[in-house]
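What follows is a single structure, written as structure tokens, with notes after it.
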Amino acid sequence: MFWSTWHLDPLAAVLLVTAAAAYLWWLVGARRRGARWSAWRTTSFVAALALFAVLQFGIVGRYDQELRWAFTLRLALLFFAVPTFAALAAPVSLLRVGGPARWSTTADRVMGSRPVRVLGNAIVAPVVGLVLFAVLLTPLSAAIRQSGVCATAITVLVPVLGFTLLAPLSEPGVLRSSTFVTIEFLLAFVELLLDAVPGIVLRVSNHVLDGSLVQAVGQPWFPSPLRDQHLAGDLLWFIAEVADVPVLVMLFVRWQRTDRREARSVDALSDEEMAELTRAHLQRRG
């Protein structure tokens with residue numbers, strides 16, 4: 001059934017070729033400059049491209065306008081899974097070591113910009129994900145699912161949004177204070193519950209939430225509208241829970257980097273500077 005529904009998505013093909021060519025270009029540039037690059041990061045990027053291709057060219061991309069579960073699966077994996085693999089590949093770091101100097105400077109400015117810093121933390125990310133998937137609980141979901149323009153926008157914008165949320169967590173150059181990372185840890189556990197809410201609501205509801213009661217036709221295995229919604233809820237619930245695991249891992253890695261950086265800064269202080277810092281701290285506490 002998978003191969004019989006295989007189709008070509010020209011936009012997705014262009015995006016795949018462009019992303020692969022850029023990553024390969026920067027990888028060759030890094031090798032020429034003598035920089036080492038982990039093979040597992042390259043493998044992670046290949047996995048991101050492969051998953052994106054399956055979603056766009058396979059059964060999910062073929063029937064996402066007819067079936068709720070296909071639309072939900074495509075949306076969830078484009079938001080969670082594809083950006084996760086891409087973020088683990090650290091393309092921004094690779095650009096710094098293997099890309100043109102002008103591009104590297106631009107990337108640093110973007111990563112340090114206020115919008116990226118706001119989006120790229122575990123305080124805002126749960127809200128973004130919750131709002132995105134809460135749309136599936138409204139009649140607007142049917143209009144988006146059946147629109148070709150929205151399908152094109154989802155192909156481009158949803159992976160970019162997911163990567164924007166995850167890249168600051170995985171990129172070595174983005175550091176936070178240990179207190180801030182601790183707060184992110186706590187909120188990431190809250191996210192485990194928040195992300196599951198839309199999937200749970202889709203699964204337990206006994207009426208079609210988007211109001212589209214016309215059953216999809218064309219294949220004998222197409223489910224009824226309500227069964228279709230329940231399948232979408234099952235998939236979203238499962239994916240949302242599993243997708244939080246790599247986020248927790250990234251937060252742990254960033255906490256380690258932050259702790260090492262703060263330890264080095266303390267070790268570099270002289271005895272007089274350390275005493276002065278302690279006095280200032282005690283005065284603030286008093």
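Throughout, residue positions are numbered sequentially from 1 according to the sequence presented. Here the structure is a predicted model, which is why all the values come from computation and not from measurement.
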Only pairs under 3.5 Å count here: list side-chain donor-acceptor contacts from residues 51-59, not counting sequence neighbours, and write none if there are none.
residue	atom	partner	partner atom	Å
Gln56	OE1	Arg74	NE	3.0
Gln56	OE1	Arg74	NH2	3.4
Gln56	NE2	Asp9	OD2	3.0
Gln56	NE2	Thr155	OG1	3.3

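Considering only heavy atoms from C-beta on, Leu88 comes within 4.5 Å of Trp40 through its side chain. Put simply, the side chain of Val242 does not reach to within 4.5 Å of the side chain of Phe80, judged on heavy atoms. Within the 4.5 Å cutoff, side-chain heavy atoms of Val201 are placed close to those of Leu209. In this structure, the side chains of Leu202 and Leu137 come closer than 4.5 Å at one or more pairs of heavy atoms. Taking 4.5 Å as the limit, every side-chain heavy atom of Thr84 sits out of range of all side-chain heavy atoms of Ser44. Between Trp25 and Pro100, some side-chain heavy-atom pair lies under the 4.5 Å cut-off. At a threshold of 4.5 Å between non-hydrogen side-chain atoms, the residues Leu136 and Leu75 count as touching. The closest side-chain heavy-atom distance from Asp64 to Leu73 is not below 4.5 Å.
Minimum interatomic distance between Arg41 and Ala90 (heavy atoms only, all atoms of both residues): NH1-CB, 3.3 Å. Scanning all heavy atoms of the two residues, the minimum distance from Glu66 to Arg145 falls at O-NH1, 3.3 Å. Closest approach of Ala196 and Ala240 over heavy atoms only: N-CB, 4.4 Å. For Leu95 against Ser104, the heavy-atom pair with the smallest separation is O-CB, 4.1 Å. Between Pro83 and Pro159, the shortest heavy-atom contact is CG-O, 3.6 Å. The shortest heavy-atom contact between Ala151 and Gln65 is CB-NE2, 4.3 Å.
Both Val135 and Leu236 are members of a single hydrophobic cluster when ILVMFWY side chains are connected at heavy-atom separations under 4.5 Å. Note on Val14: it does not cluster hydrophobically with Trp6, by side-chain heavy-atom contacts below 4.5 Å among ILVMFWY residues. Taken together through direct or relayed side-chain contacts under 4.5 Å among Ile, Leu, Val, Met, Phe, Trp and Tyr, Val208 and Phe133 form parts of separate hydrophobic clusters. Under a hydrophobic-cluster definition in which Ile, Leu, Val, Met, Phe, Trp and Tyr are linked whenever side-chain heavy atoms come within less than 4.5 Å, directly or via other members, Leu157 and Leu161 are assigned to the same cluster. The hydrophobic cluster containing Leu78 does not contain Val17, counting ILVMFWY residues as joined when their side-chain heavy atoms lie under 4.5 angstrom apart, directly or transitively.
With sequence neighbours excluded, the residues that form a side-chain hydrogen bond (donor to acceptor under 3.5 Å, both in side chains) with Trp37 are Tyr23. Applying the side-chain hydrogen bond (donor to acceptor under 3.5 Å, both in side chains) test to Gln219 and every residue at least two apart in sequence or in another chain returns Tyr63. With sequence neighbours excluded, the residues satisfying side-chain contact (heavy atoms from CB on, under 4.5 Å) with Val156 are Leu11, Leu15. Qualifying side-chain contact (heavy atoms from CB on, under 4.5 Å) partners for Gln146, counting only residues two or more places apart in sequence or in other chains: Ala142, Ser212.
Looking only at distances, a side-chain donor or acceptor of Asp228 sits under 3.5 Å from a matching main-chain atom of Trp69. For His230 (side chain) and Asn206 (main-chain N/O), no donor-acceptor pair under 3.5 Å exists by modelled atom type. Side chain of Ser147 to backbone of Ala143: no donor-acceptor contact under 3.5 angstrom is found. Without hydrogens or angle criteria, Arg62 side chain to His7 main chain gives no donor-acceptor distance under 3.5 Å.
Counted within 6.0 Å of CZ on Arg36, heavy atoms from surrounding residues, nucleotides or ligands total 12 or fewer; the atom is thus considered open.
The structure places CZ of Phe85 at 11.0 Å from OG1 of Thr43, a figure rounded to the nearest 0.5 Å. In this structure, CG in Leu132 is found 8.0 Å from CD1 in Ile154, a value given to the nearest 0.5 Å. A distance of 11.0 Å separates CD in Gln215 from CG in Leu226, rounded to the nearest 0.5 Å. In this structure, CZ on Arg203 lies 10.5 Å from OG on Ser205, to the nearest 0.5 angstrom. Taken to the nearest 0.5 Å, the SG atom of Cys150 stands 8.0 Å off from the CG atom of Leu140. To the nearest 0.5 Å, the span separating CZ on Arg227 from CZ on Arg68 amounts to 13.0 Å.
A salt bridge (charged side-chain N to carboxylate O under 4.0 Å, His left out) check over residues 126-135, counting only residues at least two apart or in different chains, returns nothing.
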